[in-house]
Amino acid sequence: MSTNVVTRFAPSPTGYLHIGGARTALFNWLLARQTGGKMLLRIEDTDRERSTDAAIEAIIDGMKWLGLDWDGETIYQFARAARHREVAEELLARGAAYRCYATPQELDEMRELARKESRPPRYDGRWRDLGGTQAEADAIAEGRKPVVRLKAPREGETVIEDKVQGTVTFPNKDLDDLILLRSDSTPTYMLAVVVDDHDMGVTQIVRGDDHLTNAARQTHIYQAMGWDVPAFAHIPLIHGPDGAKMSKRHGALGVDAYRALGYLPEALRNYLARLGWSQGDREFFSTDELIEAFSLAQVHRSPARFDYAKLENMNGHYMRAMDDAALLQQFLAALPYLPDGKDMAAQIDETKKRQLARAMAGLKERAKTLIELAEGARFLFARRPLAYDEKARDLLNEGGRGHLAALAPKLAALPEWTAAATEAAVRAYVAESGAKLGQVAQPLRAALTGRTTSPGIFDVLETLGREESLGRIDDAARPS
RNA sequence: GCGCCCAUCGUCUAGCGGUCUAGGACGUCGCCCUUUCACGGCGAAAACAGGGGUUCGAGUCCCCUUGGGCGCGCCA
């Protein structure tokens with residue numbers, strides 16, 4: 001057990017918590033829980049234009065739904081702007097940073113020129129050593145507002161020892177002098193993230209590999225301040241099913257969308273963890289097992305594609321493995337988020353709960369998601385007379401109705417209404433009529449559920465109860 | 001364009017120089033079970049991107065090519 005591990009999840013509240021972010025959060029969480037350390041949640045809201053409260057809410061809601069809790073209060077980065085500025089001032093005082101008066105237009109020209117000369121498009125450092133000169137005096141006289149830039153090393157190279165990527169080396173000449181403070185004197189992400197991670201004692205940074213280059217640049221800030229550089233782990237981004245970057249186009253929205261799709265949080269955690277991380281051939285890990293087994297060393301460096309079919313399959317396994325009462329709880333909790341789930345939720349009472357509990361074993365066997373579970377349970381919520389789907393209607397032909405009419409009195413005469421008793425009655429009828437079981441059971445299913453697929457028909461009879469069952473059978477037996 | 005990263009079945013992956021005529025899972029396709037649909041069981045098709053090396057021996061190490069990803073903002 002390593003000591004004092006501190007990880008953090010640091011989303012920017014410019015949108016929902018997307019699936020890649022959720023996985024990053026999961027990995028951070030796993031690491032913290034595994035070592036008995038802490039995971040912090042820090043909202044990176046230094047971009048005031050694009051940060052929204054709705055996004056913050058969505059992120060927190062998503063984290064909670066996924067079961068990823070964090071230690072301490074949620075930290076809002078913008079609230080720490082004064083401290084960030086303070087560090088920038090210190091950097092300035094140390095000569096490790098400087099004021100740059102270049103205008104946006106000049107910057108554009110610089111990039112344009114660099115492109116033309118096929119150099120990397122970067123700031124050329126023209127204000128690096130102009131502090132206190134006539135040029136600066138002129139710029140100030142013109143009323144130009146400077147940004148503060150880090151005086152980054154131009155020679156040599158910066159080496160990142162990454163837990164996932166291994167040793168990665170960047171030539172310093174390719175890293176330019178990043179902006180610490182904007183011309184309105186607000187801190188940038190580059191500065192804020194380093195100051196916060198340092199101040200909060202973060203020991204292990206796990207984030208998307210789109211930040212890999214940033215790690216090198218941020219290292220320069222740590223070095224300039226004489227701070228310890230935390231351990232890095234840059235994990236690959238998740239790609240959409242087509243191999244391209246995950247985007248709205250793939251229907252891959254926030255984690256709330258996965259809740260609405262009827263997935264169980266524990267199944268999603270398992271799936272997400274297995275995406276780009278593996279331990280031999282093993283597919284299933286309970287959350288406790290995940291905490292135990294997870295290791296950055298086994299995180300792959302190549303991006304993985306998101307595969308809904310596999311998630312769905314895994315979700316189905318989780319549903320079937322879960323005990324009925326627990327699954328019912330999950331189902332009830334998710335219902336309001338499911339498509340058309342609100343109507344069903346409104347009809348839930350003690351009777352319905354009892355029926356759902358009774359039917360759960362048969363229902364979960366046939367569902368890979370909670371949506372499918374709701375779909376399968378619809379016959380419990382239907383009111384007489386039932387609407388039959390096309391295939392059910394076909395089964396309720398003359399022959400089918402005949403069987404139902406003949407069967408009805410036998411069922412009605414039953415002293416007790418259980419699955420076993422109804423089964424005995426139906427089988428007895430089948431034997432004496434010479435029909436095949438399917439020829440009777442299928443019309444019965446159509447009559448009771450309005451469909452051709454459902455849980456075992458005798459369970460359906462018991463769940464629905466004598467009165468409702470008989471009523472539905474009578475409805476169907478009548479010629480339409 | 002420059003820099004960094006990556007590359008085993010359609011997808012997620014096992015593989016860490018010989019045990020690989022490449023294993024598992026999802027998906028697909030058969031068959032079985034069966035009152036429907038599922039579940040489950042059995043089986044099949046399906047991959048080491050290409051080319052050079054190193055080595056007695058390469059999916060495993062090195063190089064190149066190709067292909068993909070990420071970064072290059074007064075965004076985070």
Side-chain angles (χ1 to χ4, degrees), chain A residues 10-14 44-47 49-51 77 100 102 104 107 111 114-123 145-149 160 162 164-166 168-171 173-176 178-184 186 188-190 192-193 208-214 216-217 234 236-237 239 241 243-245 271 274-284 300-314 316 320 362-368 372 376 391 395 423 426-427 430 436-446 449 451-458:
Chain A
S12 64
T14 51
E44 312 250 297
D45 55 352
T46 50
D47 183 350
E49 296 289 302
R50 297 198 296 171
S51 298
Q77 191 160 60
C100 165
L107 259 19
R111 281 189 274 266
R115 186 167 292 277
K116 218 175 284 177
E117 295 175 356
S118 71
R119 287 180 291 111
R122 244 164 239 123
Y123 174 66
K145 294 281 187 216
V147 298
V148 174
R149 285 183 186 268
I160 302 297
D162 193 282
V164 170
Q165 305 290 332
V168 186
T169 305
F170 294 91
K173 65 176 174 53
D174 294 325
L175 271 15
D176 61 358
L178 69 265
I179 293 176
L180 266 14
L181 249 34
R182 303 188 183 95
S183 52
D184 65 0
T186 57
T188 61
Y189 157 80
M190 283 293 180
V193 73
D209 70 4
D210 50 336
H211 283 286
L212 189 56
T213 318
N214 289 340
R217 319 171 95 201
H234 289 89
L237 271 13
H239 287 183
K245 193 177 174 178
Y271 177 74
R274 271 293 281 106
L275 208 55
W277 171 81
S278 62
Q279 196 182 68
D281 282 341
R282 187 155 173 210
E283 299 282 349
F284 287 90
H300 304 172
R301 281 188 272 190
S302 52
R305 300 185 188 198
F306 197 90
D307 182 0
Y308 283 96
K310 187 150 185 172
L311 201 211
E312 199 153 293
N313 174 276
M314 187 165 263
R320 289 193 297 279
L363 252 19
K364 72 181 183 186
E365 208 63 39
R366 291 163 178 76
K368 291 200 282 291
E372 290 178 7
K391 282 185 234 159
L395 284 171
E423 175 163 7
V426 170
R427 287 196 186 274
V430 166
K436 289 197 169 179
L437 183 55
Q439 291 175 307
V440 179
Q442 279 303 89
L444 194 51
R445 188 185 313 278
T449 68
R451 316 216 217 160
T452 53
T453 74
S454 81
I457 196 61
F458 306 115

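Just so you know, these numbers use all the heavy atoms, side chains as well, and skip hydrogens, waters and symmetry mates. Here is how names work: the chains are called A, B, and so on, in the same order as the sequence lines, proteins then strands, and each is numbered from 1.
Residues A:Arg320 and A:Glu365 have side chains in contact (heavy-atom distance under 4.5 Å, counting atoms from C-beta outward). For the pair A:Val164 and A:Arg301, the minimum side-chain heavy-atom distance is below 4.5 Å.
Atom-to-atom, NE2 of A:His300 to C1' of B:C16 comes out at 12 Å; the value is rounded to the nearest Å. Rounded to a whole Å, the CD atom of A:Glu283 is 7 Å from the C1' atom of B:U13. B:G15 atom C1' lies 19 Å from atom CZ of A:Arg282, rounded to whole Å. Regarding A:Asp307, its CG atom lies at a distance of 13 Å from the C1' atom of B:C9, rounded to whole Å. Spacing between atom NZ of A:Lys310 and atom C1' of B:C12 amounts to 4 Å, rounded to whole angstrom units. Taking atom OH of residue A:Tyr308 and atom P of nucleotide B:C12, one finds them 15 Å apart after rounding to whole Å. Between the CG atom of A:Leu275 and the P atom of B:A25 there is a distance of 18 Å, rounded to whole Å. Rounded to whole Å, atom P of B:C9 lies 16 Å from atom CG of A:Asp281.
Base pairing annotation: B:A45 forms no Watson-Crick or G-U wobble pair, as no partner gives both donor-acceptor distances under 3.5 Å. Figure legend. B:U66 is base-paired to B:A7; pairs are counted as Watson-Crick or G-U wobble with both atom distances under 3.5 Å. Base-pair partner of B:G40: B:C32 (Watson-Crick or G-U wobble, both distances under 3.5 Å).
The ring pair (Phe, Tyr, Trp, His ring centres under 6.0 Å) search around A:Phe170 returns none, not counting sequence neighbours. Shown here are the side chain to side chain donor-acceptor pair (under 3.5 Å) partners of A:Lys368, two or more places apart in sequence or in another chain: there are none. With sequence neighbours excluded, no residue forms a salt bridge (Lys or Arg N to Asp or Glu O under 4.0 Å) with A:Arg366. Residues satisfying the salt bridge (Lys or Arg N to Asp or Glu O under 4.0 Å) test with A:Asp307, not counting sequence neighbours, are none. Residues forming a side chain to side chain donor-acceptor pair (under 3.5 Å) with A:Asp281 (at least two apart in sequence, or on another chain): none. Residues passing the salt bridge (Lys or Arg N to Asp or Glu O under 4.0 Å) test with A:Asp47 are A:Arg50, sequence neighbours excluded. Taking the side chain to side chain donor-acceptor pair (under 3.5 Å) definition, one finds that A:Ser278 meets it with A:His300, sequence neighbours left out. A:Arg427 is linked by a salt bridge (Lys or Arg N to Asp or Glu O under 4.0 Å) to A:Glu423, counting only residues two or more places apart in sequence or in another chain.
Taking atom P on both nucleotides, B:C64 is separated from B:G41 by 48 Å, rounded to a whole Å. Taking atom P in both B:G10 and B:A49, one finds a spacing of 11 Å when rounded to whole Å. Using atom P as the reference point in both B:U21 and B:C62, the two lie 23 Å apart (nearest Å). Going from the P atom of B:G50 to that of B:U8 covers 11 Å, rounded to whole Å. Taking atom C1' in both B:A14 and B:C9, the straight-line distance is 13 Å, to the nearest Å. Atom name C1', nucleotides B:C29 and B:U54: the rounded distance is 43 Å, in whole Å. The gap from the C1' atom of B:G27 to that of B:U11 amounts to 8 Å, rounded to the nearest Å. The gap from the P atom of B:C42 to that of B:A25 amounts to 10 Å, rounded to the nearest Å.
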Is there any protein nitrogen or oxygen under 3.5 Å from a nitrogen or oxygen in nucleotides 58-64 of chain B, and what are the pairs?
none

Using a cutoff of under 3.5 Å, can you pull out all pairs of nitrogen or oxygen atoms linking the protein to nucleotides 1-5 of chain B, with atom names and distances?
residue : atom : partner  : partner atom : Å
B:G1    : O2'  : A:Ser118 : O            : 3.3
B:C5    : O2'  : A:Gln165 : OE1          : 3.3

Mind listing the N/O atom pairs, protein and nucleotides 46-50 of chain B, below 3.5 Å?
none

Report each atom pair, protein N/O against N/O of nucleotides 34-39 of chain B, whose distance is under 3.5 angstrom.
residue : atom : partner  : partner atom : Å
B:U35   : O2'  : A:Gln442 : OE1          : 3.4
B:U35   : O2   : A:Arg445 : NH2          : 2.3
B:U36   : O4'  : A:Gln442 : OE1          : 2.9
B:U36   : O4'  : A:Gln442 : NE2          : 3.2
B:U36   : O2'  : A:Thr452 : O            : 2.9
B:U36   : N1   : A:Arg445 : NH2          : 3.3
B:U36   : O2   : A:Thr452 : O            : 3.1
B:U36   : O2   : A:Ser454 : N            : 3.0
B:U36   : N3   : A:Arg445 : NH1          : 3.1
B:U36   : N3   : A:Arg445 : NH2          : 3.4
B:U36   : N3   : A:Ser454 : O            : 2.8
B:U36   : O4   : A:Arg366 : NH2          : 3.1
B:C37   : O2   : A:Arg366 : NE           : 2.5
B:C37   : N3   : A:Arg366 : NE           : 3.2
B:C37   : N3   : A:Arg366 : NH2          : 3.1
B:A38   : O2'  : A:Glu365 : O            : 2.6
B:C39   : O2'  : A:Glu365 : OE2          : 2.8

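Heavy atoms of A:Met190 sit under 4.0 angstrom from at least one base atom. Among the atoms of the strands shown, base atoms are found under 4.0 Å from some heavy atom of A:Asn214. Counting any heavy atom pair closer than 4.0 Å across all strands shown, A:Arg50 reaches a base atom. Among the protein residues, A:Thr46 comes within range of the sugar-phosphate backbone only, with heavy atoms under 4.0 Å from sugar or phosphate atoms but none that close to a base. Nucleic acid contact for A:Leu237: sugar-phosphate only, since backbone atoms but no base atoms lie under 4.0 Å from a heavy atom of the residue.
Side-chain N or O atoms of A:Arg445 include one that pairs as donor or acceptor with a backbone N or O of A:Pro455 at under 3.5 Å. Counting only distance, with no hydrogens or angles, the side chain of A:Thr188 and the backbone of A:Ile179 share a donor-acceptor pair below 3.5 Å. A:Arg282 places a side-chain N or O within donor-acceptor distance of the main-chain N or O of A:Phe284, the cut-off being under 3.5 Å.
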Review point. Can you list the steps and then say if A:Thr186 with A:Thr46 is a side chain to side chain contact (heavy atoms under 4.5 Å, CB included)?
Key: CA-CA 8 Å; A:Thr186 57; A:Thr46 50; over 6 Å; no
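In this structure, the nucleotide among B:U13, B:C74, B:A76 sitting nearest to the side chain of A:Ser12 is B:A76. Proximity note for A:Pro104 (side chain, C-beta onward) versus B:G23, B:C12, B:C74: the nearest is B:C74.
Position along RNA chain B of the nearest nucleotide to A:Glu44 versus A:Tyr123 favours A:Tyr123 as the more 5'-ward residue.
The side chain of A:His211 places no N or O atom within less than 4.0 Å of a non-bridging phosphate oxygen (OP1 or OP2) of B:G71.
Note: A:Leu237 CG to A:His211 NE2 = 9.0 Å, rounded to the nearest 0.5 Å.
Judged by atom type and distance alone, A:Thr188 does not reach the base of B:C74 through any side-chain donor-acceptor pair under 3.5 Å.
Ring-centre distance between A:Phe306 and A:Tyr271: below the 6.0 Å cut-off.
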